[in-house]
Amino acid sequence: MALQNISELGNELKDFFVQNTSWPELTFDVEDKRRIKEIPSVDTVDSHSIKFVSDNNIIYVPSQYISLAIKIKPFALELKKYTDLFEELKQSNHKNVLADFIKNEGVLTNSDLLHEEDVELLKRMFSSEDSELNFGAKSIINGTTGNYNLRSTSDFFGSVILKIINVPDVSSAKLGSFIYSLTVKPELYEYLETKFSNIRVSPTNNNQQEVLIENGILRRIILDSFLYCLDKFGEQIMLNGYHFKETQLDGREYEGIMLPEYFGRENFIGQFQQLQTDDGLKSSGTNRFVNVPFNVLGNENSYITSQWNSPENGRGLNLSNFNRLLKDISNNTLQIVKENDIYKLIHTNTGKYYNKNIIFFGAPGTGKSHEVKEIVKNVHEVNFRRVTFHPEYDYSSFVGGYKPVSVKDKASGKSDIEYRFESQVFSEMYVEAWKNKNTQYFLIIEEINRGNCAEIFGDIFQLLDRNPDYKVSPSSDLLAYLKEELGENADGIKNDKMIMPANLTLLATMNTSDQSLFPMDSAFKRRWKWEYVPIQNPLDENDNTSDSFGFIIKIDEEKEIRWIDFMVEINKHISQPHIGMDKCLGNYFIQPDEEGNIELKDFIHKVIFYLWNDVFKDEENQIFGKDITYQSFFPVEINGKAELLKILEYLEINIRETQQKTQQLQEQEGTEE
């Protein structure tokens, strides 16, 4: 058995795994599951993961481990030759003799198993003295002269493999033994390589475009892309607007799921009462669904259609319509393209708000929070967090800090107080973004100017520059937390420095009428992009889409006015130089009921109070009379209505008769006739 020096191959692979940390999820079909279950201690194989059970321990490993195993296969097979040879030598030599031989302190009783050129390689591989060949893995030999113990060859194999791949998670040890099991079953290893070797692995970088999945078959790329998005965004987003359709397949009943907005009345997914065979998914001898079951809407026997057509034939099930679905659920960042007969799921970072800090500002009620909501409407809820700044909000609330924690001693049963670093929303989002570099995260800050930003951001303030040359030295407490979460010298804490992850966007809202609460200094302001959210005016031809134009203020059972008419006219008085646009009313300053009506009581309590207390109280104005106070509007049904009618008369706002009053007049006219 001739051994090869695999140090060069190992170093090449080690560099590759450092540069490539984005491994797409694989989808296992029925045959894949059957074959993978041949591996010892494998309990079950799901569509995207493998469950191992050993010594009453349960470990789940992701499907991406298959891709890692395929990439390292040439190295693994050569490494297996070393461990196999060691096992043969161990069968005919006492462990102390074999250990002495490895340490250059003895000879074997049957050295005929070794080629002359293999002796040095064998000693270098299994000794702790030379890390060039085993990449620093612990020696297979433990103990002292005359009293040696030998580690199992499978454990040694796994430790070398992990020095190459360097997977820093709790299931990494299982990866080493899993790859060892594949080398024992070369036919299975070959099968998996043939099946999944066309999966594209994208380098971890900040390029604008990356390939997530590749496949030469249209139905497979659509299936894999759907399952990828289902895991990333959830079924509520992926199947938004779905309908069920009772249907049959050669007389066999099943329930179809339609997405009419994208595919019309055609069945996108079929749900069956039990697991299906290939024949069970056929109709008239033609496969109607891809035989890869998945769980959606509570049915684990769900199958995606295989009936994909070209757009030219007018059918709903075509790639163009599926791409419309991808773009809508991913905020226009995902689509499938075809290059040289290969279909590719592409992720493109071209979103308007990618890699920025943005403050949406404007008068109260203009829809700033709605702007933010629109940005994240297709983002999975686990990928964004929302906080509200206020005068008591501080660094420990935003980033984290030491807090007292009650700890109970199991032996004595007594409780004691310990102080621990408790992470908060920013540090948690920072960690998540660095752990998942190909996922976009959003941190939303409502009312950013109602908190003391200088105190809240503290030592992470300069991260807002988003300049890779500007790195921040965190506090010792934060540094320890980041190292524990990300690992020593990971990208997010390399050389004990922090740098803002490119995939974490900060979105904030700010009422310009509240600027005096905690003024922002210019250094803080210039690190944000500012977007003004204007008031929408129906008189402007470009502003005709706001649903606020239909809000109605109900004065009483017979009188009503349009909210937009009141808003436009009162803002003319507020926007005078001595008061300013900051105090104007936005379109959504007050919210109506489900029918679009604003009751008089709500209008007096919110709008009139704001105008009296925050806008006109200390200003000379013609809106409120000289002897009028806010108390003058109560009781609302009598005084409030009377005072409001005076204001409406001054503003020359047309008061409309309600539908009820119009109906009464029509009935009265009919009686008179």
Side-chain angles (χ1 to χ4, degrees), residues 24-27 29 198-200 202 207-245 247 249 256-271 281 283 286-292 294 296-297 302-352 354 374-380 438-440:
E25 188 174 55
L26 307 182
T27 301
D29 60 24
N198 63 341
I199 299 298
R200 172 69 173 269
S202 300
N207 291 340
Q208 289 294 300
Q209 189 178 87
E210 61 178 327
V211 179
L212 299 178
I213 303 172
E214 287 185 358
N215 205 297
I217 302 173
L218 177 60
R219 63 179 179 273
R220 289 295 310 207
I221 191 69
I222 289 180
L223 167 68
D224 293 342
S225 300
F226 174 77
L227 294 178
Y228 170 84
C229 294
L230 185 65
D231 179 67
K232 183 178 179 65
F233 301 109
E235 61 184 34
Q236 184 176 1
I237 292 176
M238 285 300 297
L239 298 180
N240 183 39
Y242 72 90
H243 294 284
F244 284 115
K245 177 183 177 181
T247 187
L249 202 64
I257 297 177
M258 303 178 297
L259 291 179
E261 182 178 354
Y262 301 99
F263 310 119
R265 298 286 299 172
E266 299 189 66
N267 287 328
F268 175 53
I269 295 172
Q271 293 195 314
L281 297 174
S283 173
T286 301
N287 289 322
R288 303 300 178 181
F289 296 94
V290 182
N291 192 5
V292 179
F294 54 88
V296 70
L297 299 179
S302 302
Y303 300 83
I304 199 168
T305 180
S306 61
Q307 304 300 291
W308 297 98
N309 307 277
S310 64
E312 291 76 17
N313 69 4
R315 299 284 299 274
L317 292 171
N318 61 64
L319 180 58
S320 295
N321 288 337
F322 187 77
N323 269 332
R324 285 199 300 115
L325 170 63
L326 290 180
K327 290 182 178 181
D328 286 350
I329 60 98
S330 68
N331 200 22
N332 210 36
T333 61
L334 292 177
Q335 66 171 322
I336 294 174
V337 299
K338 187 177 183 181
E339 297 178 2
N340 300 323
D341 294 327
I342 299 296
Y343 295 98
K344 302 178 180 182
L345 177 64
I346 302 291
H347 179 269
T348 307
N349 296 325
T350 57
K352 180 180 179 183
Y354 181 79
E374 284 297 300
I375 294 171
V376 300
K377 68 178 181 180
N378 291 321
V379 178
H380 195 285
N438 294 308
T439 299
Q440 185 68 42

Test side-chain contact (heavy atoms from CB on, under 4.5 Å) applied to L223 and N215, step by step: CA-CA 10 Å; L223 167 68; N215 205 297; over 6 Å; no
Set of residues satisfying ring pair (Phe, Tyr, Trp, His ring centres under 6.0 Å) with respect to F289, sequence neighbours excluded: Y254, F272
Qualifying residues under ring pair (Phe, Tyr, Trp, His ring centres under 6.0 Å), relative to F268, sequence neighbours excluded: F226, F263
side-chain hydrogen bond (donor to acceptor under 3.5 Å, both in side chains) against N287, all qualifying residues, sequence neighbours excluded: none
Partner residues of S283 under the side-chain hydrogen bond (donor to acceptor under 3.5 Å, both in side chains) criterion, sequence neighbours left out: D250
All side-chain contact (heavy atoms from CB on, under 4.5 Å) counterparts of L297, not counting sequence neighbours: E235, L239, Y242, F244, I257, Q271
Which residues share a side-chain hydrogen bond (donor to acceptor under 3.5 Å, both in side chains) with T305, sequence neighbours left out: none
CD on E261 to NE2 on H243, rounded to 0.5 Å: 10.0 Å
E339 backbone acceptor or donor facing K344 side chain under 3.5 Å: no
Side-chain donor or acceptor of N321 paired with backbone N/O of Y262 under 3.5 Å: yes
Within 6.0 angstrom of R288 CZ, more than 12 heavy atoms from elsewhere: yes
Results of side-chain hydrogen bond (donor to acceptor under 3.5 Å, both in side chains) for N291 - residues two or more places apart only: D278
Main-chain N/O of L317 paired with N309 side-chain donor or acceptor, under 3.5 Å: yes
D29 side chain to T27 backbone, donor-acceptor under 3.5 Å: no
